[in-house]
2 protein chains.
Amino acid sequence: MGALTRIGAEHELSLTQLRVLGILRDRTPRMAELADYLGLEKSTMSGLVDRAERRGLLARARSLDDGRAVEVFMTAAGLELAERVHTEVRRALDPATGRLDATERQALTRLLERMLGSAPA
Amino acid sequence: MGALTRIGAEHELSLTQLRVLGILRDRTPRMAELADYLGLEKSTMSGLVDRAERRGLLARARSLDDGRAVEVFMTAAGLELAERVHTEVRRALDPATGRLDATERQALTRLLERMLGSAPA
DNA sequence: TATTGTTATACTCTATAACTATA
DNA sequence: TATAGTTATAGAGTATAACAATA
């Protein structure tokens, strides 16, 4: 988490904004789902999405299924930033992951995926 | 992280304050070390420690080795809260850890400890 | 009526810059 | 001079309560 906080800061992203980008890499959730993933209130999400949208990292779209709901998705710029940050985080964790050999890393990945239902972020 | 955020909030602790308590459970770091663990600036630490100290969760003491340094340590109330939160977090993660059998959990713990140098938080 | 999301408000979190005190 | 920490300030993050729109 310290590494995430530090790398996020280098891109003017709070830990929370970093988590938002992480989630949106492979999903297009509604505001309420996003708040739920993050463990935050929906009113908090409004502000977070406002600021990220103003920066051009993501966008909102009214749901076609439910006129009350709003879907959040990444822009090209957001995806690009998310990939860049992801690469930097991997690199920052190299000293840690490097303590394991290839077999151990594979075992760790498998265990975490089994535990988390292959859900990242 | 979502679980940590949610459980922290139930005790009026931000994710960051939760991490502070987690670190102080088994260490007595200086302000600068604490900031470094968390990936934050030292000026940010001053505010975080101020507020937690005002709540009676932790305290400061001037270092005997270095008159400039300040050591941070938990109070009895802080330790008690940290234990309570720790228990709740474990319980919240039960559905995830429960997907692994005892052998797998042991393997996971061992891999993570090897990777992180047996440092928690 | 219940649910989804936003707004208003107040406090916490955070970084930058300038400062004090000790080394 | 350099390092450890604090303070002042401004902006981001957060929850609560009240609200509008849709179901």
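Treat the numbers as computed from the prediction; the structure is a model and nothing was measured. Protein chains get the first letters and strands the later ones, always in sequence-line order, with residue 1 at the start of each.
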4.5 Å side-chain heavy-atom contact, B/Glu12 and B/Gln17 = no
inquiry  = Quick one, A/Pro29 and A/Leu24 - any side-chain contact, counting heavy atoms below 4.5 Å?
reply    = yes
ask   = D/dT6 P sits how many Å from B/Arg30 CZ, rounded?
value = 13 Å
request  = Round to the nearest Å and state the distance from A/Asp50 atom CG to D/dT14 atom P.
outcome  = 14 Å
side-chain contact (heavy atoms from CB on, under 4.5 Å) against B/Gln106, all qualifying residues, sequence neighbours excluded = none
key: Residues which pass side-chain contact (heavy atoms from CB on, under 4.5 Å) with A/Arg54, listed by chain and number, not counting sequence neighbours   = A/Asp50, A/Arg51
Charged N to carboxylate O under 4.0 angstrom, [X] versus [Y]?
X: A/Arg60; Y: A/Glu71; result: no
X: A/Glu80; Y: A/Arg84; result: yes
X: B/Arg114; Y: A/Glu104; result: yes

Backbone N/O of [Y] and side chain of [X]: donor-acceptor pair under 3.5 Å:
X: B/Arg25; Y: B/Met74; result: no
X: A/Arg105; Y: A/Leu100; result: yes
X: A/Thr44; Y: A/Leu40; result: no
X: B/Arg62; Y: B/Gly67; result: yes

inquiry  = Does D/dA12 have its OP1 or OP2 closer than 4.0 Å to a side-chain nitrogen or oxygen of A/Ser14?
reply    = no
ask   = Would you say A/Gln17 reaches D/dG13's phosphate, i.e. side-chain N/O to OP1/OP2 under 4.0 Å?
value = yes
inquiry  = I'd like the 5' and 3' limits of the part of DNA chain C contacted by chain B, with heavy-atom contacts below 4.0 Å.
reply    = C/dT12 to C/dA23
ask   = Measuring from B/Thr28:OG1 to B/Leu58:CG, what's the distance to the nearest 0.5 Å?
value = 11.0 Å
message = Does A/Ser46 reach a base, just sugar-phosphate, or nothing at all? Heavy atoms under 4.0 Å.
response = base
query = Quick one, which residues of residues 31-38 of chain B touch DNA chain D with a heavy atom under 4.0 Å?
reply = B/Met31, B/Ala32
request  = Please list residues of residues 52-78 of chain A whose heavy atoms come under 4.0 Å from any atom in DNA chain D, ordered by number; otherwise none.
outcome  = A/Asp66, A/Gly67, A/Arg68
task = Check whether NZ of the Lys or CZ of the Arg B/Arg27 lies under 6.0 Å from the centre of the six-membered ring of B/Tyr37 and within 45 degrees of that ring's axis.
result = yes
Report each atom pair, protein N/O against N/O of nucleotides 15-19 of chain D, whose distance is under 3.5 angstrom.
| unit_1 | atom_1 | unit_2 | atom_2 | d |
| --- | --- | --- | --- | --- |
| D/dA15 | OP2 | A/Glu41 | N | 2.9 |
| D/dA15 | OP2 | A/Thr44 | OG1 | 2.6 |
| D/dT16 | O4 | A/Ser43 | OG | 2.8 |

